[in-house]
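All chains are named by letter (A, B, ...) in the order of the sequence lines, taking the proteins before the strands, and each is independently numbered beginning at 1.
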Amino acid sequence: MLARTLLRDETGRTGQLLQSRGLEAGPLEAWQRLDAERRAGLVEVEDLKRKRNEASREIGLIKRDGGDASAQIAAVSQSKAQVEALQSRLTEVETELRDLELDFPNLAHETVPVGPGEADNRLERQVGEPREFDFEPQAHWDLGPALGILDFERGAKLSGARFTVYFGAGARLERALINFMLDLHTTDHGYTEVLPPFIVKRDAMMGTGQLPKFEDDAFKIDRVEGEDLFLIPTAEVPLTNLHSGEILDESQLPLRYTAYTPCFRAEAGSYGKDVRGLFRQHQFNKVELVQLAHPERSFEALEELTGQAEKVLQLLELPYQVMALSTGDMGFGAAKTYDLEVWLPGQQRYREISSCSNCTDFQARRANLRFRPTGGGKARLVHSLNGSGLAVGRTLIAILENYQQADGSIVVPEALRPYAGGLERIPASG
RNA sequence: GGAGAGAUGGCUGAGCGGCCGAAAGCGACGGUCUUGAAAACCGUUGACCAUUCACGUGGUCCGUGGGUUCGAAUCCCACUCUCUCCGCCA
């Protein structure tokens with residue numbers, strides 16, 4: 001959510017910024033009309049309430065002295081209907097304002113390239129050289145089944161399209177990657193490891209911005225009674241909401257959390273994209289990085305966090321590039337996003353393997369994440385950041401495609417071997 | 001799943017239906033004292049919203065949502081969560 005002072009802005013600048021994020025002018029104008037109505041109504045109803053409170057106090061005093069207050073009581077009772085009517089209209093207006101606000105995306109930082117889509121993303125850097133193959137490199141959807149480590153058919157049999165079963169060295173490598181990444185982030189990068197619930201309440205999904213706008217993308221658990229629960233689409237949701245409603249001490253910042261979790265995405269809009277292989281699944285594994293940072297240092301924190309995700313690719317010796325996403329391509333809550341794209345020889349292109357975002361105070365305002373400045377003073381909103389460090393399944397894809405050999409076997413990256421029981425090679429026989 | 005107890009400010013914890021936004025303690029912050037620190041003493045210290053150039057003023061908030069009342073932290077109903085005991089269980 002955006003600050004109301006920003007949305008009220010007279011200069012039209014907020015409107016322009018929102019338009020660059022793909023929002024049309026109508027909702028903002030509607031918001032501004034309702035806001036004006038709300039403020040006028042508040043003045044009116046608060047004045048009536050003030051009078052009512054004064055009268056009630058007077059009644060108390062009269063009664064204490066044993067007097068007859070029936071005239072005053074009648075007068076207050078009379079104004080009751082008026083207060084109620086005004087108040088209920090105000091509540092309505094407040095709800096409409098809130099509904100509109102919840103659908104406004106975050107404003108882009110000034111360093112973000114402006115443009116409507118993927119084509120406007122800016123290449124920041126390329127690291128590592130794509131390997132020269134002296135044979136035709138295969139895609140992982142051919143390599144995996146041939147090696148007997150990925151089974152798409154049985155995944156579909158059990159759970160439907162976009163579910164995969166890992167066997168043997170495949171499962172082992174996935175597990176090794178998880179441990180490798182968690183160790184790196186906790187030991188070298190100063191993150192606290194967290195094992196959160198994989199199911200969260202509606203409030204948590206609201207806090208990070210998955211709801212209400214993108215409910216179709218989530219797996220919802222409808223219980224017979226009680227509130228809805230959601231399978232987490234990313235560990236960002238439980239991690240960022242860990243301190244919702246709390247007031248932290250400034251000295252605690254930045255908080256750095258990392259977690260491995262499975263992620264569940266229904267992705268209603270993705271039909272026909274990446275239908276083959278492991279790239280786009282309803283369930284996948286991810287090691288996530290989250291920081292709650294001081295607002296004046298959050299953009300430095302974004303560089304830091306992005307670098308920490310890159311470190312994983314560097315240690316695994318996978319070539320990649322870093323893209324600064326354009327205003328039109330960024331996620332809903334982000335003020336700035338870097339995507340890490342790993343080279344996939346089987347597809348001859350760079351593909352997303354991590355997305356690192358500074359959400360500034362956008363999520364903090366929704367989730368009520370605040371800190372008390374050292375030396376006292378008003379509580380302020382923290383800035384929240386998140387990034388994949390990395391998407392584990394996609395990392396496995398990258399390893400299979402980049403480390404494949406002419407005989408169909410896969411060399412295990414050196415950094416990973418200690419985590420894979422010393423395994424050096426997945427033999428072609430499976 | 002059954003029985004009982006509870007939910008109040010950063011924390012602990014009082015609170016006859018009417019100067020209660022809330023005692024007290026702790027913590028934090030400022031000051032006095034000190035070479036410095038500690039101790040002691042004095043003072044300040046909730047959030048949100050609206051309004052005002054500003055000092056300030058008003059409104060809302062005592063788990064959440066309803067209700068009773070001129071007036072609710074205090075009474076009634078429902079829900080959520082926590083704790084204790086019993087049952088079941090990886």
Side-chain angles (χ1 to χ4, degrees), chain A residues 1-10 31-102 195-207 221 223-230 238 241-253 255 292 361 364-382:
Chain A
M1 260 177 346
L2 301 169
R4 286 190 165 175
T5 48
L6 272 176
L7 294 174
R8 267 172 210 152
D9 109 285
E10 329 65 32
W31 186 92
Q32 288 171 338
R33 271 196 307 278
L34 285 164
D35 178 56
E37 182 184 347
R38 168 175 173 271
R39 288 193 287 163
L42 261 184
V43 171
E44 199 178 344
V45 80
E46 285 182 2
D47 191 54
L48 284 170
K49 283 182 179 174
R50 194 197 82 235
K51 287 180 182 145
R52 184 192 63 190
N53 290 344
E54 283 168 0
S56 287
R57 222 166 302 158
E58 207 181 313
I59 291 166
L61 291 174
I62 293 170
K63 286 205 162 179
R64 179 182 300 171
D65 298 340
D68 175 22
S70 49
Q72 285 83 348
I73 291 176
V76 174
S77 302
Q78 215 166 12
S79 75
K80 200 174 178 178
Q82 200 185 350
V83 173
E84 269 171 14
L86 275 169
Q87 184 62 58
S88 76
R89 172 59 192 156
L90 267 181
T91 307
E92 237 175 75
V93 169
E94 181 59 51
T95 305
E96 288 174 47
L97 278 171
R98 176 106 188 148
D99 287 350
L100 285 167
E101 276 166 17
L102 286 169
L195 184 59
F198 303 157
I199 298 175
V200 295
K201 297 191 211 177
R202 180 170 286 272
D203 280 354
M205 295 284 278
M206 292 284 255
I221 301 171
R223 294 195 294 175
V224 181
E225 286 176 88
E227 62 182 321
D228 298 330
L229 294 173
F230 296 84
N241 281 288
L242 276 175
H243 296 286
S244 67
E246 298 179 20
I247 300 180
L248 302 161
D249 278 339
E250 182 173 355
S251 61
Q252 293 175 267
L253 303 180
L255 285 169
L292 300 182
D361 61 9
R365 187 169 289 107
R366 290 173 166 244
N368 208 8
L369 289 162
R370 290 172 298 172
F371 72 96
R372 175 95 50 204
T374 307
K378 266 176 73 81
R380 299 179 60 190
L381 294 168
V382 304

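The nucleotide whose nearest atom lies closest to any side-chain atom of A:Lys49 is, among B:rU60, B:rU51, B:rG58, B:rU60. Candidate nucleotides B:rC49, B:rC70, B:rA47 were compared by shortest atom distance to the side chain of A:Glu46, and B:rC49 ranks first. Each of B:rA50, B:rG10, B:rG58 was ranked by its minimum atom distance to the side chain of A:Arg50; first place goes to B:rG58.
Contacts of A:Lys378 with the nucleic acid, taken as non-hydrogen atoms under 4.0 Å apart, involve only primed sugar atoms and P, OP1 or OP2. A:Arg39 comes within contact range of the sugar-phosphate backbone alone, with a heavy-atom separation under 4.0 Å but no base atom that close. In this structure, A:Arg4 reaches neither bases nor backbone, as no heavy-atom distance under 4.0 Å exists between it and the strands shown. Nucleic acid contact for A:Asp47: none, since no nucleic acid atom lies under 4.0 Å from a heavy atom of the residue. Across all strands shown, A:Ile59 has heavy atoms under 4.0 Å from base atoms, whether or not it also approaches the sugar-phosphate. Nucleic acid contact class of A:Arg98 (heavy atoms, under 4.0 Å, all strands): none.
Between the side chain of A:Glu96 and the main chain of A:Val93, no donor-acceptor pair closer than 3.5 Å is present. In terms of modelled atom types and a separation under 3.5 Å, the side chain of A:Gln72 and the main chain of A:Ile59 share no donor-acceptor contact. In this structure, the side chain of A:Arg370 does not engage the main chain of A:Ile247 through any donor-acceptor pair within 3.5 Å. Put simply, the side chain of A:Ser244 gets close to the backbone of A:Asn241: a donor and an acceptor are under 3.5 Å apart. Put simply, the side chain of A:Gln32 gets close to the backbone of A:Leu7: a donor and an acceptor are under 3.5 Å apart. Although no hydrogens or angles enter the test, the distance criterion places a donor-acceptor pair under 3.5 Å between the side chain of A:Arg366 and the main chain of A:Leu102.
Atom name C1', nucleotides B:rG4 and B:rG87: the rounded distance is 15 Å, in whole Å. On the P atoms, B:rU52 is 31 Å away from B:rC20, given to the nearest whole Å. Rounded to the nearest Å, the gap between the C1' atom of B:rC77 and that of B:rU12 is 31 Å. When the P atom is compared between B:rA38 and B:rG30, the two are found 11 Å apart, to the nearest whole Å. Taking atom C1' in both B:rU32 and B:rA47, one finds a spacing of 32 Å when rounded to whole Å. Taking atom P in both B:rC62 and B:rA22, the straight-line distance is 14 Å, to the nearest Å. For B:rC61 and B:rU74, the P atoms lie 11 Å apart once the distance is rounded to whole Å. Taking atom C1' on both B:rA3 and B:rC76, the two are 23 Å apart, rounded to the nearest angstrom.
Checking B:rU12 for Watson-Crick or G-U wobble geometry (two distances, each under 3.5 Å) identifies B:rA24 as its partner. Pairing for B:rG1 goes to B:rC86, judged as Watson-Crick or G-U wobble with the two contacts each under 3.5 Å. Pair check for B:rG18 finds B:rC70; Watson-Crick or G-U wobble, both atom distances under 3.5 Å. Across the strands present, B:rC48 finds its partner in B:rG59; the criterion is a Watson-Crick or G-U wobble pair with both atom distances under 3.5 angstrom. Across all strands shown, B:rC33 has no partner, as no Watson-Crick or G-U wobble contact with both distances under 3.5 Å is found. Using Watson-Crick or G-U wobble geometry with both donor-acceptor distances under 3.5 Å, B:rG6 finds its partner in B:rC81.
For A:Arg52, no side-chain nitrogen or oxygen approaches OP1 or OP2 of B:rG71 to under 4.0 Å.
In this structure, A:Val76 and A:Asn53 both approach RNA chain B, and ranking their closest nucleotides by distance from the 5' end singles out A:Asn53. Nucleotides of RNA chain B nearest to A:Gly60 and A:Arg372 differ in position, and the one nearer the 5' end is that of A:Gly60.
As rounded to whole Å, 16 Å separates atom P of B:rU60 from atom CD of A:Glu94.
Results of the side chain to side chain contact (heavy atoms under 4.5 Å, CB included) test with A:Glu44 over A:Val83, A:Leu90, A:Leu86 single out A:Leu86 as the only residue that passes.
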